[in-house]
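Read through the structure below, which is laid out as C-alpha coordinates, and then see the notes.
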Amino acid sequence: AQRVTQPEKLLSVFKGAPVELKCNYSYSGSPELFWYVQYSRQRLQLLLRHISRESIKGFTADLNKGETSFHLKKPFAQEEDSAMYYCALKRAGNMLTFGGGTRLMVKP
Amino acid sequence: DVKVTQSSRYLVKRTGEKVFLECVQDMDHENMFWYRQDPGLGLRLIYFSYDVKMKEKGDIPEGYSVSREKKERFSLILESASTNQTSMYLCASSYIEPEAFFGQGTRLTVV
(Lines give C-alpha, C1' and ligand atoms only; values in the text may rest on other atoms or scores of the structure.)
Protein backbone atom coordinates (compact mmCIF):
# COMPACT_ATOMS: atom_id res chain seq x y z
CA ALA A 1 0.00 0.00 0.00
CA GLN A 2 1.13 3.52 -0.65
CA ARG A 3 2.21 5.60 2.30
CA VAL A 4 3.87 8.95 2.87
CA THR A 5 5.72 9.68 6.09
CA GLN A 6 6.89 13.05 7.31
CA PRO A 7 8.75 12.27 10.51
CA GLU A 8 8.87 15.81 11.89
CA LYS A 9 5.66 17.52 12.94
CA LEU A 10 7.51 20.73 13.71
CA LEU A 11 10.77 22.12 12.41
CA SER A 12 12.11 25.35 13.83
CA VAL A 13 15.12 27.14 12.32
CA PHE A 14 16.61 30.61 12.36
CA LYS A 15 16.43 32.92 9.39
CA GLY A 16 19.30 32.25 7.02
CA ALA A 17 19.82 28.67 8.20
CA PRO A 18 19.42 25.72 5.82
CA VAL A 19 16.17 23.83 5.87
CA GLU A 20 15.39 20.21 5.10
CA LEU A 21 11.89 18.83 5.46
CA LYS A 22 11.91 15.08 5.27
CA CYS A 23 9.54 12.91 3.30
CA ASN A 24 9.67 9.15 2.86
CA TYR A 25 7.29 7.10 0.81
CA SER A 26 6.34 3.53 0.08
CA TYR A 27 4.91 2.68 -3.31
CA SER A 28 5.23 -0.34 -5.53
CA GLY A 29 5.04 1.48 -8.84
CA SER A 30 6.94 4.39 -10.33
CA PRO A 31 6.40 7.24 -7.87
CA GLU A 32 5.30 10.75 -8.70
CA LEU A 33 5.74 13.10 -5.76
CA PHE A 34 4.72 16.61 -4.84
CA TRP A 35 5.18 19.17 -2.13
CA TYR A 36 2.22 21.30 -1.11
CA VAL A 37 2.37 24.33 1.16
CA GLN A 38 -0.22 26.10 3.26
CA TYR A 39 0.63 29.57 4.52
CA SER A 40 -1.28 31.03 7.43
CA ARG A 41 -4.91 31.72 6.50
CA GLN A 42 -4.32 30.69 2.89
CA ARG A 43 -5.43 27.67 0.95
CA LEU A 44 -3.25 24.68 0.31
CA GLN A 45 -1.29 25.07 -2.91
CA LEU A 46 1.22 23.16 -4.96
CA LEU A 47 4.84 24.14 -4.29
CA LEU A 48 6.68 21.79 -6.60
CA ARG A 49 6.62 18.38 -8.24
CA HIS A 50 9.56 16.09 -8.80
CA ILE A 51 9.05 15.56 -12.51
CA SER A 52 9.53 19.24 -13.29
CA ARG A 53 12.87 19.40 -11.46
CA GLU A 54 12.34 23.08 -10.79
CA SER A 55 13.21 25.38 -7.93
CA ILE A 56 10.31 27.32 -6.49
CA LYS A 57 10.89 30.10 -3.96
CA GLY A 58 14.39 28.71 -3.51
CA PHE A 59 13.12 25.23 -2.60
CA THR A 60 14.25 22.08 -4.35
CA ALA A 61 13.43 18.43 -3.86
CA ASP A 62 15.13 15.41 -5.34
CA LEU A 63 13.56 12.04 -5.67
CA ASN A 64 15.83 9.33 -4.26
CA LYS A 65 14.37 6.00 -5.27
CA GLY A 66 17.02 4.03 -3.42
CA GLU A 67 16.12 5.67 -0.12
CA THR A 68 12.47 6.18 -1.12
CA SER A 69 12.74 9.81 -0.10
CA PHE A 70 11.72 13.19 -1.47
CA HIS A 71 13.14 15.71 0.97
CA LEU A 72 12.47 19.41 0.52
CA LYS A 73 15.48 21.69 0.87
CA LYS A 74 16.31 25.34 0.93
CA PRO A 75 19.80 26.69 1.60
CA PHE A 76 18.75 29.88 3.41
CA ALA A 77 15.40 30.01 5.17
CA GLN A 78 13.32 33.19 5.16
CA GLU A 79 10.64 34.20 7.64
CA GLU A 80 8.03 34.08 4.90
CA ASP A 81 8.76 30.38 4.48
CA SER A 82 6.97 29.69 7.76
CA ALA A 83 4.05 27.46 6.81
CA MET A 84 2.67 23.95 6.86
CA TYR A 85 4.27 21.65 4.31
CA TYR A 86 2.79 18.43 3.00
CA CYS A 87 4.47 15.79 0.91
CA ALA A 88 2.12 13.91 -1.43
CA LEU A 89 2.33 10.83 -3.62
CA LYS A 90 0.28 10.30 -6.73
CA ARG A 91 -1.59 7.02 -6.82
CA ALA A 92 -3.98 5.46 -9.31
CA GLY A 93 -6.65 7.70 -10.72
CA ASN A 94 -4.91 11.01 -10.09
CA MET A 95 -5.49 10.72 -6.38
CA LEU A 96 -2.95 11.94 -3.90
CA THR A 97 -1.83 10.36 -0.65
CA PHE A 98 -0.57 12.99 1.77
CA GLY A 99 1.86 12.80 4.63
CA GLY A 100 1.04 14.09 8.07
CA GLY A 101 2.62 17.46 7.41
CA THR A 102 5.50 19.43 8.90
CA ARG A 103 5.09 22.89 10.34
CA LEU A 104 8.12 25.01 9.52
CA MET A 105 8.81 27.97 11.77
CA VAL A 106 11.53 30.38 10.74
CA LYS A 107 12.61 32.58 13.59
CA PRO A 108 14.11 36.04 13.05
CA ASP B 1 -7.36 32.67 -11.63
CA VAL B 2 -8.47 29.20 -10.72
CA LYS B 3 -11.18 29.00 -8.16
CA VAL B 4 -12.47 26.33 -5.86
CA THR B 5 -15.05 27.76 -3.53
CA GLN B 6 -16.47 26.12 -0.44
CA SER B 7 -19.78 27.51 0.70
CA SER B 8 -18.89 27.97 4.37
CA ARG B 9 -15.71 28.79 6.26
CA TYR B 10 -17.13 27.77 9.64
CA LEU B 11 -20.01 25.53 10.61
CA VAL B 12 -21.32 24.40 13.97
CA LYS B 13 -23.77 21.51 13.96
CA ARG B 14 -25.39 19.29 16.53
CA THR B 15 -24.79 15.58 16.89
CA GLY B 16 -27.18 13.65 14.68
CA GLU B 17 -27.82 16.47 12.23
CA LYS B 18 -27.51 15.92 8.50
CA VAL B 19 -24.80 18.25 7.21
CA PHE B 20 -24.12 19.42 3.68
CA LEU B 21 -20.78 20.86 2.62
CA GLU B 22 -20.79 22.43 -0.82
CA CYS B 23 -17.93 22.95 -3.23
CA VAL B 24 -17.91 24.65 -6.62
CA GLN B 25 -15.07 24.92 -9.13
CA ASP B 26 -14.93 27.11 -12.20
CA MET B 27 -12.12 25.38 -14.07
CA ASP B 28 -14.15 22.70 -15.89
CA HIS B 29 -12.17 20.02 -14.06
CA GLU B 30 -13.29 16.42 -14.30
CA ASN B 31 -11.87 15.34 -10.96
CA MET B 32 -13.13 16.57 -7.61
CA PHE B 33 -12.12 15.44 -4.14
CA TRP B 34 -13.10 15.79 -0.51
CA TYR B 35 -10.42 15.53 2.17
CA ARG B 36 -10.41 16.05 5.88
CA GLN B 37 -7.40 17.67 7.45
CA ASP B 38 -6.42 16.81 11.02
CA PRO B 39 -3.25 17.73 12.92
CA GLY B 40 -0.63 15.03 12.66
CA LEU B 41 -2.72 13.01 10.23
CA GLY B 42 -2.39 15.28 7.24
CA LEU B 43 -5.06 15.11 4.57
CA ARG B 44 -7.13 11.97 4.22
CA LEU B 45 -9.28 11.32 1.19
CA ILE B 46 -12.97 10.82 1.91
CA TYR B 47 -14.50 10.60 -1.57
CA PHE B 48 -13.65 11.55 -5.09
CA SER B 49 -15.44 11.90 -8.38
CA TYR B 50 -14.20 11.56 -11.96
CA ASP B 51 -17.33 12.76 -13.66
CA VAL B 52 -20.90 13.82 -13.14
CA LYS B 53 -22.87 11.29 -11.12
CA MET B 54 -19.74 9.24 -10.64
CA LYS B 55 -18.21 8.72 -7.20
CA GLU B 56 -15.66 6.49 -5.59
CA LYS B 57 -14.81 5.90 -1.97
CA GLY B 58 -11.54 7.19 -0.68
CA ASP B 59 -9.66 6.06 2.39
CA ILE B 60 -12.15 7.12 5.08
CA PRO B 61 -15.67 7.15 3.58
CA GLU B 62 -17.54 5.84 6.63
CA GLY B 63 -20.19 8.24 7.80
CA TYR B 64 -20.04 10.31 4.62
CA SER B 65 -21.67 10.37 1.23
CA VAL B 66 -21.30 12.65 -1.78
CA SER B 67 -23.29 14.02 -4.66
CA ARG B 68 -22.18 15.31 -8.02
CA GLU B 69 -25.15 16.32 -10.13
CA LYS B 70 -23.24 18.95 -12.11
CA LYS B 71 -19.65 18.99 -13.23
CA GLU B 72 -18.76 22.08 -11.26
CA ARG B 73 -20.36 21.10 -7.97
CA PHE B 74 -19.39 18.39 -5.50
CA SER B 75 -21.21 18.05 -2.21
CA LEU B 76 -20.14 16.18 0.90
CA ILE B 77 -22.91 14.88 3.12
CA LEU B 78 -22.62 13.82 6.72
CA GLU B 79 -25.65 11.62 7.16
CA SER B 80 -25.71 11.89 10.95
CA ALA B 81 -22.99 14.13 12.29
CA SER B 82 -20.89 12.88 15.17
CA THR B 83 -18.31 14.62 17.33
CA ASN B 84 -15.47 12.63 15.74
CA GLN B 85 -16.32 14.33 12.46
CA THR B 86 -15.22 17.66 13.86
CA SER B 87 -12.46 18.63 11.47
CA MET B 88 -11.30 20.88 8.66
CA TYR B 89 -12.77 19.75 5.34
CA LEU B 90 -11.00 20.56 2.10
CA CYS B 91 -12.43 20.30 -1.37
CA ALA B 92 -10.12 20.05 -4.38
CA SER B 93 -10.36 19.68 -8.12
CA SER B 94 -7.94 18.64 -10.83
CA TYR B 95 -7.82 18.14 -14.55
CA ILE B 96 -5.92 15.28 -16.18
CA GLU B 97 -2.78 15.84 -14.16
CA PRO B 98 -2.76 15.21 -10.43
CA GLU B 99 -2.06 18.82 -9.49
CA ALA B 100 -4.99 19.61 -7.24
CA PHE B 101 -6.46 23.04 -6.61
CA PHE B 102 -7.91 23.43 -3.15
CA GLY B 103 -10.71 25.41 -1.63
CA GLN B 104 -10.22 27.53 1.44
CA GLY B 105 -11.62 24.85 3.73
CA THR B 106 -14.65 24.47 5.98
CA ARG B 107 -14.03 24.10 9.68
CA LEU B 108 -16.84 21.95 11.00
CA THR B 109 -17.52 21.61 14.69
CA VAL B 110 -20.03 19.01 15.84
CA VAL B 111 -21.34 19.56 19.36
Side-chain angles (χ1 to χ4, degrees), chain A residues 1-11 21-27 29-52 54 56 63 70 72 83-105, chain B residues 1-10 23-27 29-51 54-61 66 68 74 87-107:
Chain A
Q2 57 276 344
R3 184 177 298 168
V4 177
T5 304
Q6 295 178 248
E8 303 139 328
K9 290 187 178 180
L10 173 65
L11 184 62
L21 294 106
K22 291 183 168 53
C23 172
N24 291 92
Y25 68 91
S26 62
Y27 188 61
S30 182
E32 189 172 345
L33 286 135
F34 306 81
W35 277 99
Y36 279 79
V37 61
Q38 189 170 28
Y39 301 102
S40 179
R41 287 186 284 278
Q42 294 187 28
R43 62 187 68 199
L44 193 64
Q45 60 187 290
L46 179 68
L47 179 62
L48 56 79
R49 65 188 81 187
H50 91 269
I51 57 172
S52 58
E54 57 193 346
I56 302 292
L63 178 62
F70 187 56
L72 184 67
M84 195 74 184
Y85 291 81
Y86 292 96
C87 183
L89 169 70
K90 181 196 168 187
R91 59 200 231 205
N94 279 341
M95 290 184 287
L96 295 171
T97 295
F98 287 85
T102 298
R103 180 167 298 282
L104 175 64
M105 291 179 56
Chain B
D1 191 20
V2 293
K3 268 290 180 55
V4 179
T5 303
Q6 296 181 228
S7 55
S8 303
R9 290 298 302 272
Y10 301 94
C23 175
V24 177
Q25 51 97 0
D26 65 358
M27 297 165 284
H29 283 168
E30 276 74 19
N31 304 319
M32 295 190 75
F33 308 87
W34 276 106
Y35 292 89
R36 62 177 283 175
Q37 182 183 29
D38 299 289
L41 298 177
L43 278 73
R44 292 178 291 166
L45 182 65
I46 304 171
Y47 267 96
F48 62 97
S49 170
Y50 291 135
D51 202 350
M54 182 277 177
K55 59 186 179 184
E56 292 290 339
K57 293 179 180 180
D59 300 316
I60 53 165
V66 291
R68 194 168 180 197
F74 192 36
S87 186
M88 173 70 83
Y89 289 87
L90 298 181
C91 175
S93 72
S94 71
Y95 189 43
I96 303 172
E97 297 189 350
E99 176 183 355
F101 295 88
F102 284 85
Q104 76 277 26
T106 297
R107 183 166 295 282

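Residue numbering restarts at 1 for every chain, and letters A, B, ... go by the order of the sequence lines. Small disclaimer: the values here were computed from a predicted structure and weren't measured.
- For chain B, the nearby part of A:E32 is the side chain; its heavy atoms alone come within less than 4.5 Å.
- Atoms CD and NZ, from B:E99 and A:K90 in turn, are 13.0 Å apart once rounded to the nearest 0.5 Å.
- Within a 6.0 Å sphere centred on OH of B:Y95, heavy atoms belonging to other residues, nucleotides or ligands number 12 at most.
- Heavy atoms closer than 4.5 Å to chain A are found nowhere in B:E56, neither backbone nor side chain.
- Contact count against chain B (heavy-atom pairs under 4.5 Å) is highest for A:Q38 among A:K9, A:R103, A:Q38.
- Counting non-hydrogen atoms of neighbouring residues, nucleotides and ligands closer than 6.0 angstrom, the CE atom of B:M88 exceeds 12 such neighbours.
- Of the listed residues (B:D38, B:D59, B:N31), the greatest number of heavy-atom pairs within a distance under 4.5 Å of chain A belongs to B:D59.
- Interface residue B:L45: only side-chain heavy atoms are found under 4.5 Å from chain A.
- Interface residue A:R49: only side-chain heavy atoms are found under 4.5 Å from chain B.
- Contacts between A:M95 and chain B at a heavy-atom distance below 4.5 Å involve backbone atoms as well as side-chain atoms.
- Inter-residue side-chain proximity for B:L43 and A:L96 is flagged as unmet; no heavy-atom pair is nearer than 4.5 Å.
- Judged by distance alone, with hydrogens and angles left aside, the side-chain atoms of B:Y35 form no donor-acceptor pair with the main-chain N or O of A:F98 at under 3.5 Å.
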